[in-house]
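Reading through the structure tokens given below for one structure.
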Amino acid sequence: MSSGLPIPWHKNNKVEPANPEEHPLHPASEKYQEEPSTHTQNLNKEGKTDFDDEFGEYKYNKFTDPNAWGPALRPYILFANLNQRICENAYFNNFIIFCIVLAGALVGVQTYDGMDDDPVVLALDFVILVFFSAECVFKIFAEGMAIWRFWFGPEWKWNNFDFFIVLACIPGLLDLGKQVVVLRLLRLMRLAKVFRKIPQLQMIVMGLVGGMKSISYIVLLLFMVFYLYAILGIMMFQDNDPFHWASIDLAMMTLFRASTLEDWTDIMYFNIYGCDSYKVGGGIEYCDLAKDDCAILLPDYIDSAGENVYLMDCSIENCTGHDVNDFGETIRHVYNQGNLTIYNSQVLCQAPSSSMMGAPIFFISFIVVSALVMLSLFVGAVTMAMADSMDEMKADQEEKDKIARLEKGKQAAEALKNASVRKMSSRGGFANIAEEEDDEEELEEVLTGKMARERARMKTLLMAAWDGSEVDPNATVEVPFEGWKRTYAQIAQKMEKLTEANWFQNFVTAVIMIAGAQVGFQTYEAEDIKHADTIAVIDLVISTIFTIEVAFKLIACEFEPWLFFNSGWNRFDFALVLGGYLPLDFDLKMLRLLRLLRVLKLVNKLPQLQVIITALMMGVVSIGYIGVILCIFFYFFAIVGMIFFGQNDPWHFGSLHMTMLTLFRAATLEDWTDIMYINTYGCEIFGYSDVMNDALGGAGCGSAEAMTRGQLDRSVIYNGSPMSSTFFLIFIMVGALVLLTLFVGVVTTSMEEATDDMKEKMELEEEVQKVAEEEGIPQEQVEMYRTVFGILDLDGGGSIEEDELKIGLDAIGRRPSDEELQKMLLEVDESGDGEVDFAEFLQFMMKKRGMMLMRERGRGRELQRMAGANS
């Protein structure tokens, strides 16, 4: 660049233009130098030109162009460009992401006792605040003469969010109390900016976001259904079952609970038989006012304010921690709202009634409509959205994978190119030939390496197939050794054929099954002792067989034993065998049992099973990314849950790790409403038993230790939290019904893709067999051509393209012109998709071979004619 000044171009995840200085509005361009005023033409209010799209996301920015301002401002503009380069630096962005994760982790650490004021934690928190503040400063100055664009530019949402977080975290600047913890934790949401860098994670997030619109309509439809059933339920069951139907909000939450299939039958039975007959279920116990002793639920008197007063008898009850009124009486707090009275999970049954016909019809129809139909739409919405996003991303990802495989294939082709060439000898093996010499001339060349001989064999097969020559597909390169080396090499070849034989692999598989059964039998301790000698003999035989298998495979590698360890299964087997002979004091039963995993290698013989295994393997990575999303989601809700409920519910929200476990339990819909009701009514009113309080060791409901958590007053243990229903409703909707649905979506999408791939392979194989039958090709010859096809298919994509064909032919010294290659592809590519599959390749090779035979016959007849003429 002639000016030597920083380029005022902003990027947004695009590849930098190869020659941006050639743009007429670039400061270094000739047109810019000739007409300096040109760069001010067609500028919008953000200082960008109408020519921005020429270089995609790299756009000219007047406000950061040193040539667009006077000499006095040029140093500041250069400083702004320096800040811009810092903000766009990959290392800086990765460091900020690390700080975000660390800041979120510190929030969790500070929830533990004594860590909130720990000097190390406080120091780290301060350092992170400095880095976040510096990031905001860098971004503000990076805007040059338009610093307002930090708050109103393209990134205004994240920038304002970050700026507010920084201000909120500065001690004493904003008095937000403990809510600043939540705001600081929200910075984890910025991790969404890096999702697009990981294709699988991007696919999941796009599927989730794409399904949100459909999910919102489903939620609206569910709300209308819930509202209608709530009104009907209140009319039918309010008097008998006040805990579930006392008000419209309780009825709606009850129906949401039932739609998740959480203890819905208990709610139904309460109303089929009445609260006086069916008393216990769903976390509560009804007390029949007419039959049971319900004194604990009845007020002792009504005070002057009209409030019910419930007294405790401290001579028979533990009054520790309970409130005392102005008269010195110890009182208990009983939830009393309308006809709903609750204390210690007991509910007063005042007007029992049964509904033998109405209740079953009501609940069965609701479960069918809501749980079995409408909630299933969540699965469909997310799955369909993920399928759409996968189709959009699949092409890009396949192209990237193809490039990576092609590079690896080029390396293999280069190794093939450097390999010695072999020809078929009269003894049935391969003999050496030189590429540029007569094909009939045999040369003596020693190929000492097993891999080198294999490459020579592959190259010879490819040359013979391409030239239309006859070749034995089972032929091997003659062993070029003498003496004991020759003998050992011959043994190695036999060992290789032995270990690859079907009967040997089936035998080893049978031994693996027996070994697994033996480990299971040994779990019966009495039988293990009784048959100890027999089991020891079987164990010795199995270990010997596995040792022999490994030894055979090592010998099969000839003088290159390290080739054995190229296979992951071989490394696994070697570790198990070696571990069995080491003098270590640990049980190898589990390791031996893991050998059963080797049976998965047989799935190739069962196509339907192969589809399932392939789908699972394809979904493993995506499932891992779903786990990352879930962890972030759970972590966020865990911190919020501890803030809201830690004081009232120490069993479920007393520590970060227990809170995470609680949320995972709720996400699986296992008794999640019990946790919600504890925090809706308070631990003194619902849910807490003496067993739970005893297990907490003095830190249970209403204890002094529990009261130190949070800034709430003690009334929370009998009033609950108004945030409980909202918290759990959002968490269950998003965490259980949406995020966990992603697992179904990933597996379903992977299964569909694996099924399509398997279908294509089966159709291709049918086409191959059809060609083989029409041309009369023996199966061994088909496999030989399959090997040749694999050599040319450098990227392993199952088809050959022009570039691959060119590289492969160059490796064997065949260099047709581009026109000849295109003509070959047009001739062989019957489907017209620009790619040649194996069936088309096989048919082409047969045509080529037929033409070669016709030329040879013609040459033979010409030689006979010439010989006859000479005679």
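Closest approach of Pro650 and Cys701 over heavy atoms only: CG-N, 4.2 Å. Taking every heavy atom of both residues into account, Met236 and Ala359 meet most closely at CE-N, 4.4 Å. Closest heavy-atom contact between Ile675 and Asn679: O-ND2, 2.8 Å. The nearest pair of heavy atoms linking Ser724 to Thr680 is OG-OG1, 3.0 Å. Between Val309 and Leu311, the closest heavy-atom pair is CG1-CD2, 3.9 Å. Closest heavy-atom contact between Asp288 and Pro352: OD1-CG, 4.5 Å.
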**OP:** Assess whether side chain to side chain contact (heavy atoms under 4.5 Å, CB included) is satisfied between Arg332 and Val334, documenting all intermediate values.
**Re:** CA-CA 6 Å; Arg332 78 174 79 253; Val334 177; 3.7 Å; yes
**OP:** Could you go through the ring pair (Phe, Tyr, Trp, His ring centres under 6.0 Å) check for Phe362 and Phe237 one step at a time?
**Re:** CA-CA 11 Å; Phe362 176 91; Phe237 312 127; 5.3 Å; yes
Subject >> Step-by-step side chain to side chain donor-acceptor pair (under 3.5 Å) determination, Ser370 to Ser259 >> reply: CA-CA 6 Å; Ser370 65; Ser259 67; 5.1 Å; no
**OP:** Go through the steps for Tyr677 and Ile284 under the test side chain to side chain contact (heavy atoms under 4.5 Å, CB included), then give the verdict.
**Re:** CA-CA 10 Å; Tyr677 289 139; Ile284 62 171; 6.0 Å; no
Subject >> Steps toward side chain to side chain donor-acceptor pair (under 3.5 Å) verdict (Tyr681, His333) >> reply: CA-CA 11 Å; Tyr681 298 108; His333 295 280; over 6 Å; no
**OP:** Step by step, work out the side chain to side chain donor-acceptor pair (under 3.5 Å) result for Tyr688 and Asp649.
**Re:** CA-CA 9 Å; Tyr688 265 70; Asp649 189 2; 2.4 Å; yes
**OP:** Give the C-alpha distance, both sets of side-chain angles, the deciding distance and a yes or no for side chain to side chain contact (heavy atoms under 4.5 Å, CB included) between Ile100 and Phe132.
**Re:** CA-CA 9 Å; Ile100 292 170; Phe132 287 158; 4.0 Å; yes
Subject >> Intermediate values then yes/no, side chain to side chain contact (heavy atoms under 4.5 Å, CB included), Leu250 and His244 >> reply: CA-CA 6 Å; Leu250 286 178; His244 297 108; over 6 Å; no
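Listed by chain and number, the residues in a salt bridge (charged side-chain N to carboxylate O under 4.0 Å, His left out) with Asp671 amount to none (sequence neighbours excluded). Listed by chain and residue number, nothing satisfies the disulfide bond (SG atoms under 2.5 Å apart) test with Cys99 (two or more places apart in sequence, or in another chain). Cys314 pairs by the disulfide bond (SG atoms under 2.5 Å apart) definition with Cys319, not counting sequence neighbours.
The structure places CD of Gln350 at 6.0 Å from CG of Asn339, a figure rounded to the nearest 0.5 Å. Note that SG of Cys683 and CG of Asn648 are 4.5 Å apart. Values are rounded to the nearest 0.5 Å. The CD1 atom of Ile234 sits 6.5 Å away from the OG atom of Ser247 when rounded to the nearest 0.5 Å. One distance of note links CG of Leu656 with OH of Tyr635; it measures 5.5 Å at 0.5 Å rounding. How far CZ of Arg257 is from CD1 of Ile732: 12.0 Å, rounded to the nearest 0.5 Å. Between atom CG of residue Leu737 and atom OG1 of residue Thr260 there is a gap of 7.5 Å, rounded to the nearest 0.5 Å.
Comment: Lys279 engages Asp292 in a salt bridge, judged by a side-chain N to carboxylate O separation of less than 4.0 angstrom. Between Arg665 and Glu670 no salt bridge is recorded (no basic side-chain N to carboxylate O distance below 4.0 Å).
Annotation: Phe731 is not in aromatic contact with Phe636 [ring centroid separation under 6.0 Å not met]. Ring-centre distance between Tyr278 and Tyr286: not below the 6.0 Å cut-off. No close placement of the Phe270 and Trp264 rings is indicated, their centers lying 6.0 Å or farther apart. Checked against the 6.0 Å centroid threshold, Tyr310 and Tyr343 do not count as a close aromatic pair.
Asp249 CG: more than 12 foreign heavy atoms inside a 6.0 Å radius. Heavy atoms from other residues, nucleotides or ligands lying under 6.0 Å from CE of Met356 number more than 12. When the shell of 6.0 Å around CZ of Phe664 is examined, it contains 12 or fewer heavy atoms from other residues, nucleotides or ligands. Summarising the local packing, OH of Tyr301 is surrounded by more than 12 heavy atoms from other residues, nucleotides or ligands at distances under 6.0 Å. The environment of Gln337 atom CD is sparse: at most 12 non-hydrogen atoms of other residues, nucleotides or ligands sit within 6.0 angstrom.
Phe363 places a side-chain heavy atom less than 4.5 Å from the side chain of Asn271. Between Asn344 and Ile685, the closest side-chain pair of non-hydrogen atoms is not below 4.5 Å. Counting heavy atoms from C-beta outward, Leu739 and Ile629 have side chains that approach closer than 4.5 Å. For the pair Met658/His652, no side-chain contact is recorded, criterion being any heavy-atom separation below 4.5 Å from C-beta on. Residues Val734 and Phe633 have side chains in contact (heavy-atom distance under 4.5 Å, counting atoms from C-beta outward). Within the 4.5 Å cutoff, the side chain of Leu340 has no heavy atoms near those of the Asn336 side chain. Glu307 is not listed as a side-chain neighbour of Ile302, based on a closest heavy-atom distance of 4.5 Å or more. Glu285 has its side chain out of reach of Ser345: every pair of non-hydrogen atoms, C-beta onward, lies at least 4.5 Å apart.
Between the side chain of Thr726 and the backbone N or O of Met723, no donor-acceptor pair lies under 3.5 Å. Judged purely by atom type and a 3.5 angstrom limit, Ser715 has no side-chain atom pairing as donor or acceptor with the backbone of Asn719. With hydrogens and angles ignored, the 3.5 Å screen pairs no side-chain donor or acceptor of Thr341 with any backbone N or O of Leu297. The backbone N or O of Met268 sits nowhere less than 3.5 Å from a side-chain atom of Asp266 that would complete a donor-acceptor pair.
Pairs engaging residues 226-282 under the disulfide bond (SG atoms under 2.5 Å apart) rule: Cys275-Cys349 [sequence neighbours left out]. Screening residues 351-380 for disulfide bond (SG atoms under 2.5 Å apart) gives no qualifying pairs among residues at least two apart or on separate chains.
Checked options Leu348, Ile267, Val347; the residue passing with Phe243 is Val347 (criterion: side chain to side chain contact (heavy atoms under 4.5 Å, CB included)).
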Side-chain donor-acceptor contacts of residues 218-232 below 3.5 Å, not counting sequence neighbours, with atom names and distances?
residue	atom	partner	partner atom	Å
Tyr229	OH	Ser365	OG	3.0

